[in-house]
Every structure is written in C-alpha cells, then in structure tokens.
Amino acid sequence: MQAASQIQQEIRRLKKEKNAIILAHNYQRPEVQDIADITGDSLELSRTAAQMDGDVIVFCGVNFMAETAAVLSPEKCVLLPAGDAGCPMADMITVDELVYAKSRHPDAAVVCYINTTADVKAESDICCTSANAVQVVNSVKADTVLFVPDRNLGQYAARFTKKTVIPWDGYCHVHDGYTVEDVKTAKHAHPDAVLLVHPECRPEVIDRADLVASTSGIIRHVSTAPEQEFIIGTENGILHRLEKECPKKKFYPLSARAICPNMKKTDLVKVRDALVNMYPRFTVPEEITNRARGAIERMLVL
Ligand code: 13P
Ligand code: SF4
C-alpha cells in the first residue's frame, strides 16, 4: 500500500498538470481536507466554484455539491472522486413531488436548500444554504414560503421571519439524530463548554444551544470566542479543522454517532484516480442548468 504522503505528492503533481482546483467540504476526512485548495461550507464552496480559474474542479463532497459546481461552471470539468456519494436528505424530495406541492400552494415562493438535486433547484425560486437560510427566506416577496427539503432548517428560519413557512418533511439523518439526552450527557461531562449546533438539528436541540451556525460559521465563531471548550453539534469531520485552527482549545463531539457515511466515501486514492482518469465526471443537462443557475445565482447575489 502506498503511503499517504506519496499519494498526496502525486495529487499535487496531477493538479498542476490538469490545472485543477480541489474543493473539500468541512466534513471530509482529515487527509482529504489537507490536500484541498479550499475547505469550507456549502456557501463558500459554491461561491468558489462560481468564481475560480482553472479547467477542472475536483469536488470532495457529495453529489449535489458537484452538481451545483457543474451548474455554476458548465465550461469546466467537474469531478466527484466518490461518484456514489449522495445525500439522503436531498433524495427526500423529487421534482414531481415539488411540482405537485407548488400546485397546492400557488402563492408560495419556493426556497430550496442547496442539498437538493439540480432539477429540484430548477423548479425553485431561490436556493439557500445553512449560512443564509434566514436571509433568503426574508428576501422573497411572497408571504408564504415552501421550504424544501429540510424541515429542521425550515423551522429554524421560521423563528426569524413574519412569513408563513411550510417546511417539507425531509431531514439529515446525522443532525436529526441528536437528542436532548445527548445534550444533557455532553453538558454534564463538560460543564464549562459552550454548545454550538448546526441548524439541521431538531428544534429541541437548537433550543439548548449557545450558537446555531453553518459549519464555517461554527469555525469562525470558535476562532474568535473567548471560551476555551466547545461541544460541537455537527458532523464530526469538522473537528479536524477546529483542532487545526484552534490547537489550544478543546472540542467535544455532541455525539460519537454523528458521522455521515457519504461524506467519508472520498479518500486520497479516489482523488488521485479521479485526476488520472478524469472520471467520475459530473454534467447537468443544459435546460436544467439554465433554470437551476437562476435559483443559485439569486442566492449568491444576496
Ligand atoms: P454547511 O457546511 O453548509 O453548513 O452544510 C452542512 C451539510 O450538512 C452539508 O451536507
Ligand atoms: Fe446529507 Fe446530512 Fe450527509 Fe450533509 S451530513 S451530506 S445533509 S446526510
């Protein structure tokens, strides 16, 4: 078996040769985060995908992320090293289901979480991420918002708006899996720690948190906060960046169960092989690209 450092070296060489950029989500394996040009949350990664130079984007994440990059940069070759890495929450709504829901709520604006397929984005008015869901919901003209597919994020945004939010009944199994019992156990074990959680968590977990933010929002908060200990209520891959950027502070996962198997499918060998073979490549049909881009760009303009 080749050493990780040797594969990392090969990846660096291939990156130059192919004029590629590597984007990694904050939940990726530590060694994958370490080889990336940019590690970030969904908003930062889609902004980078929209603006970057280069011919090739290697997306270390799950399929809706690579799809979003392909929609924003259709002239680039977008590779998803773990071609089968999906998001179960994104699969909790189909375009036909959305079209039917729209017919039942004709006056509602559709706000779709970025964790959706491109054809669902194409049927939506505007996209959002966990970093800007509240702002996006408040930005639409309609008084009613159909929010898809994450019910927890939709309910969280509803706390900060006068609009009527109708949340879809989807959820992220990682974040929805945190319980009040997890909060009690972690706070009992670490009484001085601050609790930071992601808005994909259940309302009763959010109610007990000191801060609710996207993954990069959590990282930014920790780096400037005076406190020294933190309980982290989002997928445990984030601990790598937190420990790297704030080596003197202490981090405790809210639950050891908080692992997204799809986010862990990418490894160094798959990144290297994707660059060698220029495969698995992501493309989106032109007609869907054009309509989905509108929803994403309206969000990026905000
Ligand atoms: P953010 O990094 O945008 O907060 O997203 C969390 C997530 O679950 C992505 O799949
Ligand atoms: Fe989907 Fe949740 Fe995994 Fe993110 S962490 S990819 S929302 S299942």
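Both counts, for ligands and for their atoms, begin at 1 and track the order of listing. Hydrogens, waters and symmetry mates are skipped; everything else that's a heavy atom, side chains included, is used.
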Return the residue, atom name and 0.1 Å-rounded distance of the protein heavy atom closest to [atom].
atom                    : result
atom 5 (O) of ligand 1  : S42 OG, 3.5 Å
atom 10 (O) of ligand 1 : N115 ND2, 3.4 Å
atom 8 (O) of ligand 1  : E200 OE2, 3.1 Å

Smallest separation among heavy atoms of Y178 and C201, with atom names: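 That would be CD1-SG, 3.5 Å.
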Could you report the tightest heavy-atom contact between G54 and N19, atom names first, then the distance?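 For G54 versus N19, the nearest heavy atoms are CA-ND2, 3.5 Å.
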Could you tell me whether K15 and D37 make a salt bridge, using a distance below 4.0 angstrom between a side-chain N and a carboxylate O?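 Yes.
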Can we say R291 and E123 salt-bridge, meaning some charged N sits less than 4.0 Å from an Asp/Glu carboxylate O?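 Salt bridge: yes.
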Which of the ligand 1 atoms, numbered from 1, are nearer than 4.0 Å to a heavy atom of [X]:
X    : result
S130 : 1 (P), 3 (O), 4 (O)
M263 : 10 (O)
H198 : 1 (P), 4 (O), 5 (O), 6 (C)
S214 : 4 (O)

Can N262 be said to touch ligand 2, with heavy atoms closer than 4.0 Å?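 The answer is no, since N262 has no heavy atom less than 4.0 Å from ligand 2.
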Heavy-atom contact under 4.0 Å between F64 and ligand 2?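 Distance cut 4.0 Å: F64 fails for ligand 2.
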Check for me whether M89 has a heavy atom closer than 4.0 Å to any atom of ligand 1.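 No, that is not the case, since the closest heavy atom of the residue is not under 4.0 Å from the ligand.
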Please state which part of E235 comes within less than 4.0 Å of ligand 1, counting heavy atoms only: side chain, backbone, both or neither.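 Near ligand 1, E235 shows nothing, with every heavy atom at 4.0 Å or more.
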One residue to check: T129. Relative to ligand 1, which of side chain, backbone, both or neither has a non-hydrogen atom less than 4.0 Å away?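 No part of T129 is near ligand 1 at this cut-off.
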For atom [atom1] of [X], is the number of surrounding heavy atoms from other residues, nucleotides or ligands below 6.0 Å larger than 12?
X    : atom1 : value
Q51  : CD    : yes
K187 : NZ    : yes
Y279 : OH    : no

Strictly under 2.8 Å, is any N, O or S atom of C172 next to atom 2 (Fe) of ligand 2?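 Given the 2.8 Å cut-off, C172 counts as a ligand of atom 2 (Fe) of ligand 2.
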Identified side-chain hydrogen bond (donor to acceptor under 3.5 Å, both in side chains) counterpart of D34 within the set K244, Q28, Q8, R29: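 Among the candidates, only K244 passes.
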When you look for heavy atoms under 4.0 Å from ligand 2, do you find them on the side chain of E235, its backbone, both, or neither?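 Contact part for E235 vs ligand 2: neither.
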Without hydrogens or angle criteria, can the side chains of N26 and R241 be said to hold a donor-acceptor pair below 3.5 Å?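 Short answer, yes.
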Using distance alone, decide if ligand 1 has a nitrogen or oxygen within less than 3.5 Å of any nitrogen or oxygen in T215.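 Yes, there is a polar N/O contact under 3.5 Å.
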Atom 1 (Fe) of ligand 2 and C87: any N/O/S contact shorter than 2.8 Å?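 Yes, within the cut-off.
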